[in-house]
Amino acid sequence: MKYEAVIGLEIHVQLKTKSKMFSSAPYEYGKSPNTLTDAVVLGLPGTLPVLNYEAIEKCAQLGLMLGCSIAKVCKWDRKNYFYPDSPKNYQLTQNEEPLCLGGSVEIEMPGSSRNIEGEHRWVQLNRIHLEEDPGKLTHTAFDSLIDFNRAGVPLAEIVTEPDLFSSEEAVAFLNALRNLIIYAGISDCDMEKGQMRCDANVSLRLKGSDALGTRTEMKNLNSISNVKSAIEYEIKRQAKVLDSGESVVQETRRWDATKNASYSLRSKEEAHDYRYFPDPDLLPVEMDRDRVEVLKEELPERPFDRQRRYQKEFSLPYTITSVLCANRELSDFFESTLGLFDAPKAIANYITNDLLRELSAHSKEGDSALNITDTKMKPELLAELVEVVESGLISKQIAKEVFTEMFLNGKSPKSIIEEKGLSQSNDSGEIEALCLEAIASNPKAVSQFLDGNTKAINALKGPVMKATKGKANPAMLDELLQKLIQKGQ
Ligand code: ADP
Ligand code: MG
């Protein structure tokens, strides 16, 4: 292709606050329609907005997490439009003086395989402003239904610079952004629940050119895979338009996921004139600089920073750190366990293998994945398990069985081992007898071993492990077999 795609994203994120942006009404996804409203949310005459300072702080925290500078003053503007999802006929937003300016997000492009680290790059942001979510319209065959529960929920709108150059980069950006926001506890970013929504702006230019082409905007893409498909569709469509000698029309387009195509909603000429003006009911907000510093100090380590630290401090491989740090709960669990028993590699392995396996095995189909906090797993339990394996009380094989039991019942590994009689057998008399039996019944393996094929000894270990139900101490078994074979010579 002779064109380069240029992409800018606008991402709306619902902030996790106790109440709405300008009223004390609460919000929770999935409640009966129109039960989470009040006079302010419904825009009844005579009501006045009262600013929720928690939303300001959460948005400032979001900005700090993304490296923005926090404005000294931000203020509220009315964005006027007439539509049933907004009973006041205007939306309160920050047009002229947003709370957060600039910033950037570190992204990682996928490597050539899942186990190989990809390239990292910083994507520039333009701003983050606050606004109120409108209500939700549902169109049926005969009616349009309106639910005002969502109306007034604090929304942060993150606007990137036109600094993404492929659909893959857009996906990497959204994943990284989502992770940063979840790490900071600002939103759960569940796209199915509308907690994170994305509009994508796409234009093409000739490769090597610095000028920006005419862009189109795809609205309300509600999953990362929809963002990817919509961008790819639009790149192909615009390339065709340009190839035929025509020019791209600046317009807003609607993505239809079921048809895998987008349609023109309105062109620039039909664009609304929102007649922005400063809201006379709300004062500008002056940010307390000391408080901004406190918010900054409270921020968690960023996921990629944490990943690099784990690689350096604990010599953990990328395969492990990329899984561990992609989820704050997992990496927090890792650190808590590590605080109790210092064995980073073993702990990381149990978390990324056994724990993830059990979590996915016990997640109900269709539900989002189970969280550790929904289970009986505790750092104390894992620390004890790693300790008993390292001390030789049980083998790694038996530890898997103990892990499953501990995950399900929350019982301590020591009590499970005791109850089930799982501790490793160090009874050399019993093991010796079994070794002699194995040697007698497999002369072929014995002679192969004597001929220098050291792996042949494994064929003799199998029957002993089977007879002891995996409890034979592996080191002792190896030593005994070698000794007995040499002796039999
Ligand atoms: P508007 O005022 O119409 O909302 P903005 O300048 O705020 O436009 O830009 C909105 C989004 O569109 C931003 O994410 C920006 O990066 C992106 N954008 C602007 N121009 C282009 C372009 N030519 N190609 C791709 N994206 C663009
Ligand atoms: Mg804009």
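Positions are given from 1, in the same order as the sequence printed here. Just so you know, ligand 1 is whichever comes first in the structure, and atom 1 is the first atom listed for that ligand. Being a predicted model, the structure only gives us computed values, none of them experimental.
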Ligand 1 versus E10: contacting region, heavy-atom distance under 4.0 Å: side chain
Ligand-side contact atoms (ligand 1) for residue partner T160, heavy atom cut-off under 4.0 Å: 13 (C), 14 (O), 15 (C), 16 (O)
L9 and ligand 1 - part of the residue with a heavy-atom distance under 4.0 Å: backbone
Heavy-atom pair of closest approach, residues L92 and E132: N-OE2, 2.9 Å
Ligand 1-proximal atoms of V159, by part, heavy-atom distance under 4.0 Å: side chain
Qualifying side-chain hydrogen bond (donor to acceptor under 3.5 Å, both in side chains) pairs, either residue in residues 287-299, two or more places apart: E57-R291
Inter- and intrachain pairs under ring pair (Phe, Tyr, Trp, His ring centres under 6.0 Å), touching residues 79-122, at least two apart: H120-F304
E161: numbered ligand 1 atoms lying under 4.0 Å from its heavy atoms: 16 (O)
Backbone or side-chain N or O of T214 under 3.5 Å from ligand 1 N or O: no
Residue selection (non-hydrogen contact nearest atom 3 (O) of ligand 1) among R215, E217, E157: R215
Parallel, tilted or perpendicular: rings of Y350 and F403 (30°, 60°): parallel
Least distance between heavy atoms, V249 atom then T214 atom: C-CG2, 4.3 Å
Non-hydrogen atoms of Q91 and P134 that approach each other most closely: NE2-CD, 4.3 Å
For V6, the ligand 1 atoms whose distance to one of its heavy atoms is below 4.0 Å: 24 (N), 25 (C)
Minimal non-hydrogen separation, R114 against Y318, with atom names: O-CE2, 3.7 Å
Under 4.0 Å to a heavy atom of G213 - the qualifying atoms of ligand 1, by number: 23 (N)
